[in-house]
Amino acid sequence: MNFKEIEKKWQDIWEEGKYFVAQNGGNKEKYYILVEFPYPSGAGLHVGHVRSYTAQDAMARMKRMQGFNVLYPMGWDAFGAPAEQYAIKNHIHPKEAVKENIKTFKGQMKSLGFSFDWTREFSTTDPEYYKWTQWQFLQFYKHGMAYKDTIPVNWCPNCKTVLSNEDAAGGVCERCGTKVVQKEKSQWMLRMSDYSEDLLQGLNDTNFAEKVKLGQINWIGKSTGAHVDFKIKGTDKTFTVFTTRCDTLYGATYCVLAPEHEYVDEITTEEHREEVLEYKKNCLLKNEMERTELNKEKTGVFTGAYAINPVNNEEIPIYISDYVLASYGTGSIMAVPAHDERDYEFAKKFNLPIKQVIAKNFVGTGSSALRSDKQDTYRDVVVAVIKHPTEEKYLCVKNNKFGWINFVMGGIEKEETVVDAAIREIKEETGYSDIVIDHEMEFVYFDNFYAAHKDVNRHITAHTVVGKLKSLEQVAISSEEASINSLMWIDKDKLIDELSTPAHKYDAERTLNGEGAMVEDGVHVNSQELDGLNKQDAIDKMIAWLTEHKCGEAKVNYKMRDWIFSRQRFWGEPIPMIYCEKCGWQPMKEEDLPLLLPDVAEYEPTENGESPLANITDWVNTTCPCCGGAARRETDTMPNWAGSSWYFLRFMDAHNDKEFASMDAMKYWQRVDWYNGGMEHTARHLLYARFWVQFLYNYGLVPNKEMIWTRVSHGMVLGSNNEKMSKSKGNVVNPDDIVREYGADTLRVYEMFMGDYQQDAPWSTDSLRGCKRFIDKVIRLKDKVNNESGYSKDLENLIHKTIKKVTNDLGTMGYNTAVSALMILANALDEKETITRDDYHILLVLLNPIAPHVTEELNEQLGYSRICESEWPKYDEEKTIDNEKEIGVQVNGKLRASIKISVSDSEEVIKEKALQQDNVIKFTEGKEIVKVIVIPGRIVNIVVK
RNA sequence: GCCUAAGUGGCGGAAUAGGUAGACGCACAGGACUUAAAAUCCUGCGAGCUUAAUCACUCGUGCCGGUUCAAGUCCGGCCUUAGGCACCA
């Protein structure tokens, strides 16, 4: 069979017959399947595109046969940097290059037989389309959702261009390697942060995969906390900090403002001015990458000013540091070094006080649980973590009566320091006398337990000291002490396991892994009215207090920021705004849209980083829509994300020249039922698109607040070396080559069979050949077809099972197992001398969504009507049930035999059969049968003793 | 560091809801057909042990423990890899 000929033949038939053209309306139930439209790059279609387009194509073909009105559209997301770069180099308009690339892509897609509705095709670069992107921008503007703001951008001083974060990856310009710096620029912004909560809540009205939802939730980054106002000493000024832990306010020992904070200049004292200015200057030189680099040592300077802590009127110093970000919260923080790692690090470096306000609170369990009938005793205790003089071992004592293993510990006497108490206890309990105490740990903790050896409840405040022995010099210990404890040295790797009490394990952990800030939960201390409370109660109480005293309130913050909507590029949608000296920024009149990109031959950016459009004076100079005076156009263009934020709406009514899409059309299609795309787009693209839709919904322009129901993401097709395909690695597979050599159907089957659709999978040409063999087998099977109709009796069961399996799998992305099921059916047909027409026909129909060309051809040769006009086969549940089945027989959970059972067999019969098996008898003989578990149709397990 | 996903033969991967691990395919080996090759067909294919060959047995789904009659699947604790986020107070 000449697959080139038949592929062309059927592609033409489908197109001429308009089989895949969707109508807006009719009696059929609608179903909207969408794949992310591609950026038509010069490289042509990637085998990765083929994977997801085939998957959704299979689903679309099945759904159509099941009687749905399926919309499966395709278009082009063609604005973007590569076309612009190409234009700069070759001095041709990017739209020419885009036209070429689209032609290539479309040809490739057609050669693969995808059932797209090409009548709805468009490109985001078509003026008929971007007219509406511009129109929607004007709606954003008119509703106060678009505004201008000055924000820092990545700037390459060498190329003199603004770089996207992607192009500035690693802090250097992608093209020339120059260090990227920050430059202030006035940009259009969309108030996306206003929609944070709606975007979060809206996820409940979607059926996105859980990991997709999580990606969105993380990106939105909601955190609940409080605002706290701090007065600045000696002024009438106040600044506000955002904190999620207002309960630790008593532990705030300093404040930090972002270097960009508006108060910095005002509050800095003369004495510190020079230093502060210097620090601010250095920050500007750094780019975002350097500033946020992990493990970077904290830097900062003191402003000379003091803030007043509202809860206790303590004066605490105000620093500036770049670890506080101007763009999050209020751009200023209260620092609680005892309980925040960053603050701790900063405090250590600048020698600032660290004040504990939360203490870990251990409560005994089991035999050491507090007893209500026992006396409560309270004491301060020292715990000594003492290292061996030469080895990596720690000194512990084992209680001879109870077997407890602990560090040396004991009560602190009146008038005694913690260190003195430690040295005394060590001497008394172990006799070691050559001790150096290195330090006392910063944080005390509580331990509460019933002390069996004293028969009282103990409530301990533990002070931990860390030290070592200089030598093993020992003095004699009292016989009484010797009878209570025996000393032991425990290796550091076993220490945590061997110690008996959680509190001592905790001491060991902090000793071995570093002390740092105390970030765990506990009870409040040193916090007056909060003392003894847990975290949540303390937060609630503090918020109430702050609110009452008008120096703070509950506050929710989101990481998600407003959308920077300007790009200093040529190849994007022009922003339809005009600047007039008299009237300020004015929107273009809607009837003047679209604002077309000019036809010129130079696309170089300007010296000062303006969009290339700024050089095109004819285009820039215009008149003010308001006063008619001379004015200038905005020269920035929209980001790539703009056009793709609403394209799925346009597909519902692709050629409407009155509206972006009619409400009738949108109400008919309602929403995208199934949206497939790459994992890399699940955070940003999806969030932008949802934001766009929610905005339109709020102004009555779309029928639903969420217009996408299910979102799934596909895995990548990797090179055969298991790495991402790239030219430089030489592992790129061109789908054209595969189609030419093996045919479109083979490529489609292979890409569906290669592995779990949602997982990455490496390319394997060997495996592809296996799929070719499968197709060849299907073709050969035609020779076995006899004149009988109806299914062969002995195949009936398998056929019904296969229909069920394929139907389910194509609806749940189990493409690889669907292909596998079809291979099993084909093998079964192959085993027979002859097969009926219907045996063969069902195989063709079930395989058709994945391999449409060859199956239509064989089907036609057999004299059936076209598959694309047929109904999807149904299965009879009754007939999918096996009459006979082989199940395993286990003895004590180990497989010993298998038996054939029939559906009609009762449990008793099955039990009987199982027990009669030779090998079962071997393992049950002479043993008591405790019970026999029969799981119908699955397994028998005989439990013996 | 945090979040997410995933670790199963030589390889890609199967395994409803805990119930015969390795479906299906690839690769490999042996054989048939052929003058020969390709194509096709047949047989074998986790490891070990045993056997003349079978049968049987033991181990086996990243590691350690647990729950259960029964664990790739559930629970606890780790390790590794990939992707995303990253000083978010």
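Throughout, protein chains are lettered first and strands after them, A, B, ... in sequence-line order, and every chain is numbered starting at 1.
As judged by a 4.0 angstrom heavy-atom cut-off over every strand, A:Ser223 is placed among residues touching the sugar-phosphate backbone only. Residue A:Gln759 is in sugar-phosphate contact alone, with no base atom involved, counting any heavy-atom pair closer than 4.0 Å across all strands shown.
Looking at the side chain of A:Ile939, the nearest of the listed nucleotides B:A23, B:G19, B:U4 is B:G19. Of the candidates B:G13, B:U20, B:C87, B:C87 carries the atom nearest the A:Tyr323 side chain, counting heavy atoms from C-beta on.
Between the side chains of A:Asp343 and A:Tyr323, a donor-acceptor pair is found at a separation under 3.5 Å. Side-chain atoms of A:Thr802 and A:Tyr875 form no donor-acceptor pair, as typed in the model, at a separation below 3.5 Å. A:Thr238 and A:Asp229 share no donor-acceptor pair across their side chains, judged by distance under 3.5 Å alone.
The aromatic rings of A:Phe230 and A:Phe239 sit parallel, their planes meeting at an angle under 30°, below the 60° perpendicular limit. Between A:Phe346 and A:Phe350, the ring planes are tilted. Angles from 30° to 60° get that label. In this pair, A:Tyr750 and A:Trp763 present their aromatic rings perpendicular. The plane angle is above 60°, beyond the 30 to 60° band.
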Could you list, one pair per line, each protein nitrogen or oxygen that sits under 3.5 Å from a nitrogen or oxygen of nucleotides 69-73 of chain B, together with the distance?
unit_1	atom_1	unit_2	atom_2	d
B:C69	O2'	A:Asn941	ND2	3.1
B:C69	O2	A:Asn941	ND2	2.6

Under 3.5 Å between N/O atoms: give me all the protein pairs with nucleotides 39-45 of chain B, atom names plus distance.
none

Enumerate all atom pairs, one protein N or O and one N or O from nucleotides 76-85 of chain B, separated by less than 3.5 Å.
none

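For A:Glu498, there are no salt bridge (Lys or Arg N to Asp or Glu O under 4.0 Å) partners, not counting sequence neighbours.
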Sequence-aligned protein contact record of nucleotides 53-63 of chain B, with B where the base is within under 4.0 Å of a protein heavy atom and S where only the sugar-phosphate is = ---SSSS----
Given Watson-Crick and G-U pairs under 3.5 Å, RNA chain B in dot-bracket ([ ] crossing, | other strand) is (((((((..(((......[....))).(((((.......))))).(((........)))..(((((..]....))))))))))))....
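Ring to ring, A:Trp219 and A:Tyr558 are not that close: their centroids are 6.0 angstrom or more apart.
The side chain of A:Thr817 contributes no N or O atom lying less than 4.0 Å from OP1 or OP2 of B:A15.
In this structure, the NZ atom of A:Lys805 is 13 Å from the P atom of B:C24, given to the nearest Å.
Nearest-nucleotide assignment on RNA chain B puts the 5′-proximal partner with A:Ser764, out of A:Tyr328 and A:Ser764.
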